[in-house]
Each structure stands twice: as C-alpha cells, then as structure tokens.
Colleague: 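I have a structure here, written as structure tokens, and I will follow up with some questions on it.
When reading the values below, keep in mind they use all heavy atoms of this one structure, side chains included, and skip hydrogens, waters and symmetry mates. Within every chain, numbering begins at 1; the chains are lettered A, B, ... in the order of the sequence lines, protein sequences first and strands thereafter.
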Amino acid sequence: MHGRRRQAAKEATVDEKEQNRQRVEKYCALNDLVMQNKAQGVYTRETLEATHRLLELNTELHTVWNYRREIFANLPEWQDDEQRQAMLEKELAFLLEIILKNIKSYWMWYHRVWALRSLPTPAWKGELALVAKLLSYDARNYHGWDYRRFVVARMKESLDTDTQRDDVDASEFAFTTDQINKDCANHSAWHNRSKLLPAIMQKAGGALEQQEVLKREFDMILNAIYTDPDDQNGWLYYDWLLDVQKDECEKQKLLRDKVAAIRELLDLEEDSKRPMVELVETLVALEKIAPHLVDDERKKECLATLERLEQIDTYHVGKYRDMSKSLSMRWGL
Amino acid sequence: MATADNQQHEGVFGGLYVDKHVEYIKSLDKRHDEIEYWMTEHLRISGIYWGLVALHVLGRPAALDRDEVIGYVKRCQNADGGFGGHEGHDSHLLYTMSAVQILAMYDALDQVDAASVVSFVCGLQDEAGEVSGDVWGEKDTRFAFISVAILSFFGATARMSVAGVVAYVCRSMNYDGAFGSQPGGESHSAQVYTCLAALAIAGRLDAVDRDRLSSWLAERQVRSGGLNGRPQKLEDVCYSWWVLSSLQILQRTHWVDRRRLCEFILSAQDADAGGIADRPGDVADVYHTCFGLCGLSLAGFDEYPLGAVDPVYCMPVDVVERAGLRSWMDKIPESWLAQ
C-alpha cells in the first residue's frame, strides 16, 4: 500500500490475463485449503507445510501465523526440548528469509518474539547480532529497535548478577554511540539512548560521576546540533537533558551556554530557522528561572525574531503568532 | 495529475475528483480478477471501514449496500465476541474496531451482542493496564486506544481499567513529547494519534506536554506541503490524518500550512481511476483515500462540502454525536481553548 508507482493503464494481453487468472486461482486454492484445515483444527506436518507455502506468498496473514503456532504446539515433537529447539531454529531461519520481503511487518516480528519466547535455549547474543545487521540495512526501522529492546530485556533476565546486567546496558549505550557516530541524525539511536541514559547515570555512582556523564551527553548533542542546526531532534534532546539536570545553578548555566551556541550559529547563518526558534524558546525558559538575566532588550529581540520567522518559515506562521501573542501578554510588551 | 480547478466540472470540485473517488470505492469489492483483492482479504473489514468513512466525507453515505455490508460484518464475528478481518479469520482488536465503526455508521450497533464484544475487549487488558491486540499477546498503544474506543460505543468503558490505559500511554511518552508504540518505543505520528485519542476519551489530555508535542507535530510538514510520520521520513498522505487529527485534538491545526497540505493531498489523487495514493504518482488505495479525504476535511478544504470528521474516532461527526461520544471535547483542558 506504500510506495508503488502507478503504471500507464494498458489493456492486458490475453496471455497476461490468463497468467493472472492462474495466479489468482492458485493463491485462492492454497488459501482456502489452509483456512479449511484451520477451521477443522487439523494440526499435522502437512498442514504446517501448507501454511509455510501460503505465508511465503502473503506474509500478512496473521490468522495463518496464529494457526501455524497452534500446529507447532500440537505436534508431538513440541513436547521434547531438543526437538522443539530444532523446530524453532528452523522457524527463525524461515522468518529471516521472508522478513526481508517486508521488513515492517508487525505480524512477522511478533512471530519471531513468540519463537524466542518458546525456545528452550534462546540464543540472545545471536539475536542481538542479527538485529544489528538488519538495522544496518535500515537504521530507522522501529520494529528492529523494538525487537532489540525485547532481546536486551530478556538477555538481562537470563543473567545472574547485577554487574552482568549493567554490562549489557553499557554495551547497548555504546551501540547507540556507534550508530550516532555513523549518522548523528539517526533519531532512532538518540531515542534508544534517551531510554538508557537514566540507568547509565544511576550506575555511574555519586553526584559528581553523574554530572560527568551528563556533561559528556551535552557535549555529544551539541556536536550533533552544530553538524545540523536545522534538525529539531538535537534541540529536543538538549532540552530533555536540561530537564534531567536537577541542579538549578547548572541548569541556568546550561541555558546561557545554549544561548551562546545559538548566537554562534546565527552568526554563521542569519536567517537560520531552527536556531531562531530555539533562541526565543531558550530565552523564555531562562526568563522563567532567572528573570534578571532576560531584560527588555532580550524580550523585544524574542518578539522581533518571531516576526522574522513568520516571513521565512511561512508554514508555521500560526505557531509563531501564538507564541508572540502569549509572550506579549506575559511580558506586557 | 489533479490540477487546481475552480470550476465545478464533471464531478470535480476545486481539483477534488469527487465522483471518481466514489466510483473507485464502489468498485473495490468487484476486483476479483486482481491478486491484490485476494491478498488483502485478511483486512477486508478495515477496507470497508476506510471506504465507508470516505463516502461519508464525500456526502455519499448510502453508496454501498447497507444490508449486504451489515450482513458481512456480522459474519466476521467469532465465538469469542471479537471480529476477524474477514469471515473465518481470527479475532483481533483492529478488526473489531472496524466492525464497530461500520455498524455505528449504519446505526446498527444493536444488531450485535454488545456483551460478547465488551467481554472480548476487556479480556485483552492485563494487570499492568497494557492491552494486547488479541489472545497472542502483542501489545501496542494502538490497542490501548482501540479498547477504550470500542467500549465507549457500548457505554462500557468502566468495565476496563481506564486508569491503566492512561498510565500505559503515559509510559509511552518520549523526550520529544510524542508517543511510541509501547514504553520505550520511538515517537511516531500514528502512535501520537492513538495515544492522544485514548487520553481524550479518558479525559486525561492534561497529561500531555502540549507545547512540545505541538512543535514536534508541526515539524512533520515538509517542503512539498505534505506531512511525514517522524523526522526525516518521506511525506505520506496518511499522515494528513495522523498528524492533523492530533493537532486538532491539541487545538492547533493552524500550526501547519493547511492550504499547502490540501494541495499535496490533491496532487496524490489518481485522476483517471479515482482514489488517492500515499504520494503523487503512486498507486491509489482505499486506506489513503480515506485518510486523504479526512485530512482535507480537517484542513478545511472548502471547494466542496466535505463531511466533518471527529479527530478522536476518525468517523463522521454526526455519527459520533448520535452515539453520544463527542463529550471528549468537554474535557479538553481549559487553557487549550483560550488560545
């Protein structure tokens, strides 16, 4: 349903029509067979094979995935750990083959989750390596990232000590660093990082160590911001770090640092939309916690910046007008 | 390609190919020679829902055979009370939602056993408040929304833990103010819609970081005027719905350029065969036709009297009103209405 180019309409040849008719007939016959088997509750190796053939043709038949799982659970081999292990490993290989046809299929990713949950001896490290490989094809595939988080969670559960579990977190954190170094606009990596950072900070130790972690994080995001000042994500992550920073003095300093960084960027490019928006929002945030640092000159600068933004970013005129109105009212300007 | 056309001409209004879209939707159930028709059988009921909403928006709510559709929907119900995407297919919340929405649009909800539907839905919420799509246990904030939405049609939201749903949705909020598919999931416009809609029904829109989320949503508009689902992704007509309905709930649709968005949606129409595609030049489908038209309606396209769409239920406003479900609007935070 996505990304299919329209072809110029042309009348199909007699041959093409016949080919198509056969294709439809073959598919419907197989579909009807499988659905009938399912309705009659037939759980055999033959019906399993039929579901395999059908799912190869259409990976989105979630009812057939359900049925396939039921067949597995009803086969005598399922009761024996070694045989179940072998069956499911084969299933994982099958899934890997067809998931590449549709790497965004909710049904297939969930079937993989089911398989891992059902394995007597799941190979979590192998799964992690596999999903890293899939993410190398498409670094923004959120199914892959969700699956990665599932694997990591289960992996941690299977470990004995807190130290081992901390190591997994650290390793995941390092994975996001890797991804970001490859492409600092990889939002999926930044997102995952944001979920790991609280635990990383907590395990860093005392307040001083935690501040160190946070400082490195600020450096990293500033780097991303300088690399692409127009990317909203970097600024959002920075603002979130400001929320994480509970020390009021530090927060004030960071806000002032942010203003300085923005001014540097605006020196390089005057009408740079995102830094301009950030300038206003940062001064507003600073004014809330340290009103003496934002005088009338700065307030007027905010309103003038919003006016200029209405001209250079016409899609968001509505937003800038709302902001101007709200600030004018608050500051009595 | 659709051209901006200010004259009412052969069923075309301001570039919107009204008649073509109606014919396109009516033709969908007849395409038995196309493999696509058979390979999408598993979501047939959702296809009907998308088509019916589109027809309502186009002012042709009676274009399909009412009795035939209702009969079909009833045949999709299983013994567990849920509905499958087609006859004989396993129950799932996605298709149960479509079934209920179709029946509501035909004012025929009394034709199903409400208790069995409610029981099916309630059985899918666990102690932590999280909601699975079916008995196999895949969880997603989409299902959290669907569960409260379905129950609201039967006046039965109290039968599940709405507080649990709210908590689950809030746990799925990210640093950007937007929402993911589950706690830990990356922000995505479609999830933003479902999470906001769930919070709206629960009367808990106060839990939202309105400014941050509105800014994130506004940035979905790219140069072409179209909207994307998350940063750096391609624009797609279906986000005209997910993003715009979210902004509507937040009372901030004016934070994007709605006129440019309309132009983008119109440019994705198939002027020959009817229907709307994900983006210009692509093959049309009923899903994008539905969301494109809903997007045009929300964006205030006024060259044709499009039916109004409720941004929480993605259904005609008059239907939602009839069901007594517009009350979510009474629970919008006061401060949101001031600006």
Colleague: Tell me whether the centres of the aromatic rings in A:H62 and A:W65 are closer together than 6.0 Å.
Modeller: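 No, ring centres 6.0 Å or more apart.
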Colleague: Side chain, backbone, both or neither: which part of B:H92 has a heavy atom under 4.5 Å from chain A?
Modeller: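 For B:H92, the side chain is the part near chain A, not the backbone.
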Colleague: Between B:D278 and chain A, with a heavy-atom cut-off of 4.5 Å, which part of the residue counts as in contact: side chain, backbone, both or neither?
Modeller: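 Side chain only.
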Colleague: Heavy-atom pairs under 4.5 Å with chain A are the metric here; pick the option from B:E138, B:Q221, B:K233, B:Q232 that has the most.
Modeller: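 Answer, by heavy-atom pair count under 4.5 Å with chain A: B:E138.
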Colleague: Between B:E34 and chain A, with a heavy-atom cut-off of 4.5 Å, which part of the residue counts as in contact: side chain, backbone, both or neither?
Modeller: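 Backbone only.
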Colleague: Between chain A and each of B:R230, B:Q182, B:H188, count heavy-atom pairs under 4.5 Å; write down the option with the most.
Modeller: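 The candidate making the most pairs under 4.5 Å is B:R230.
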Colleague: Hey, is A:R23 close enough to B:D33 for a salt bridge, meaning N to O under 4.0 Å?
Modeller: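 Between B:D33 and A:R23 there is no salt bridge, as every charged N stays at least 4.0 Å from the carboxylate O atoms.
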Colleague: Under 4.5 Å from any heavy atom of chain B, what part of A:R274 do you find: side chain, backbone, both or neither?
Modeller: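 The side chain, not the backbone.
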Colleague: Given that the side chain runs from C-beta out, which part of A:L57 has a heavy atom under 4.5 Å from chain B: side chain, backbone, both or neither?
Modeller: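 Just its backbone gets close to chain B.
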Colleague: Is it the backbone or the side chain of B:D270 that comes under 4.5 Å from a heavy atom of chain A, or both, or neither?
Modeller: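 The answer is both parts of B:D270.
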Colleague: Of all the heavy-atom pairs spanning B:C238 and B:F291, show the shortest one and how long it is.
Modeller: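 So the two residues come closest at CA-CB, 3.9 Å.
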Colleague: Just checking, is any N or O donor in the side chain of A:S188 or B:E186 under 3.5 Å from an acceptor N or O on the other one?
Modeller: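 Yes, a side-chain donor-acceptor pair sits under 3.5 Å.
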Colleague: Is the closest basic N to carboxylate O distance between B:D282 and A:R6 below 4.0 Å?
Modeller: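 Looking at B:D282 and A:R6, the cut-off is not met.
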Colleague: Relative to chain A, which segment of B:Y175 carries a heavy atom at a distance below 4.5 Å: side chain, backbone, both, or neither?
Modeller: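 Its backbone and side chain both get close to chain A.
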Colleague: Report which part of A:Y110 has an atom under 4.5 Å of a heavy atom belonging to chain B: side chain, backbone, both, or neither.
Modeller: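 Answer is side chain: those atoms of A:Y110 sit under 4.5 Å from chain B.
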Colleague: Can we say B:R212 and A:D243 salt-bridge, meaning some charged N sits less than 4.0 Å from an Asp/Glu carboxylate O?
Modeller: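 A salt bridge links B:R212 with A:D243.
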Colleague: Using the ring of A:F175 (Phe, Tyr or Trp, six-membered ring only), decide whether A:R148 places NZ or CZ under 6.0 Å from its centre and within 45 degrees of its axis.
Modeller: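 Pair A:R148/A:F175 counts as cation-pi.
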Colleague: Taking the basic N atoms (NZ, or NE/NH1/NH2) and the acidic carboxylate oxygens, is any pair closer than 4.0 Å for B:E235 and B:R223?
Modeller: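 So B:E235 does not pair with B:R223 through a salt bridge.
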Colleague: Looking at A:D313 and A:K273, does any basic side-chain N land under 4.0 Å from a carboxylate oxygen?
Modeller: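 Here A:D313 pairs with A:K273 in a salt bridge, since their nearest N and O are under 4.0 Å apart.
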Colleague: Considering only heavy atoms, which portion of A:R21 lies under 4.5 Å from any heavy atom of chain B: side chain, backbone, both, or neither?
Modeller: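 For A:R21, no heavy atom lies under 4.5 Å from chain B.
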Colleague: Under a 4.5 Å heavy-atom cut-off, does chain B meet the side chain of A:E281, its backbone, both or neither?
Modeller: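 A:E281 touches chain B through side-chain heavy atoms alone.
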Colleague: Relative to chain B, which segment of A:E70 carries a heavy atom at a distance below 4.5 Å: side chain, backbone, both, or neither?
Modeller: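 It is both, since atoms from each part get that close.
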Colleague: What part of A:K17 gets within 4.5 angstrom of chain B, counting heavy atoms only: side chain, backbone, both, or neither?
Modeller: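 Looking at A:K17, nothing touches chain B.
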Colleague: Is chain A contacted by the side chain of B:L94, its backbone, both, or neither, given a heavy-atom distance below 4.5 Å?
Modeller: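 For B:L94, side-chain heavy atoms alone lie under 4.5 Å from chain A.
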Colleague: In terms of heavy-atom pairs under 4.5 Å, which option from A:L236, A:N31, A:N66, A:N58 contacts chain B the most?
Modeller: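 Ranked by contacts with chain B, first place is A:N66.
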Colleague: Classify the ring geometry between A:H2 and B:H288 as parallel (under 30°), tilted (30 to 60°) or perpendicular (over 60°).
Modeller: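 Because their plane-to-plane angle is over 60°, the rings of A:H2 and B:H288 count as perpendicular.
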Colleague: Side chain, backbone, both or neither: which part of A:N192 has a heavy atom under 4.5 Å from chain B?
Modeller: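 Answer is neither: A:N192 stays 4.5 Å or more from chain B.
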Colleague: At a heavy-atom separation under 4.5 Å, does B:S215 approach chain A through its side chain, its backbone, both, or neither?
Modeller: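 Contact with chain A is through both the backbone and side chain of B:S215.
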Colleague: Measure from NZ or CZ of B:R44 to the centre of the six-membered ring of B:Y37 and say whether it is under 6.0 Å with the direction within 45° of the ring axis.
Modeller: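 Relative to the ring axis of B:Y37, which defines the angle, B:R44 lies inside both limits.
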Colleague: Roughly how far, to the nearest 0.5 Å, is NE2 of A:H111 from CD1 of A:I98?
Modeller: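 Answer for the CD1-NE2 pair, A:I98 versus A:H111, is 8.0 Å.
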Colleague: Side chain, backbone, both or neither: which part of A:Y237 has an atom under 4.5 Å from a heavy atom of chain B?
Modeller: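 The answer is both parts of A:Y237.
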Colleague: Answer with side chain, backbone, both or neither: which region of B:N174 has an atom nearer than 4.5 Å to a non-hydrogen atom of chain A?
Modeller: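 The answer is both parts of B:N174.
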Colleague: Quick one: which of A:V24, A:N233, A:N20 has the most heavy-atom pairs under 4.5 Å with chain B, could you say?
Modeller: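 Highest number of pairs under 4.5 Å: A:V24.
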Colleague: Hey, which of A:W107, A:W114, A:W235, A:W190 has the most heavy atom pairs under 4.5 Å with chain B?
Modeller: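 Winner by heavy-atom pair count: A:W107.
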Colleague: Among B:A277, B:G84, B:P231, B:G88, which has the most heavy-atom pairs under 4.5 Å with chain A?
Modeller: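 The option with the most such pairs is B:P231.
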Colleague: Between B:D209 and B:L213 (side chain of the first, backbone of the second, donor and acceptor by atom type, cut-off under 3.5 Å), is there such a pair?
Modeller: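 Side chain of B:D209 to backbone of B:L213, a donor-acceptor pair under 3.5 Å: no, none is there.
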Colleague: How far apart are the closest heavy atoms of B:G133 and B:L124, and which atoms are they?
Modeller: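 Here B:G133 and B:L124 meet closest at O-CD1, 3.8 Å.
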Colleague: Is it the backbone or the side chain of A:E60 that comes under 4.5 Å from a heavy atom of chain B, or both, or neither?
Modeller: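 When you check distances to chain B, atoms from both the backbone and side chain of A:E60 fall under 4.5 Å.
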Colleague: So which of B:R260, B:H86, B:R279, B:R258 has the largest heavy-atom pair count under 4.5 angstrom toward chain A?
Modeller: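 Of B:R260, B:H86, B:R279, B:R258, B:R260 has the most heavy-atom pairs under 4.5 Å with chain A.
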Colleague: Below 4.0 angstrom, N of the basic side chain to O of the carboxylate: do A:R193 and A:E172 qualify?
Modeller: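 Not counted as a salt bridge, because no side-chain N and carboxylate O are separated by less than 4.0 Å.
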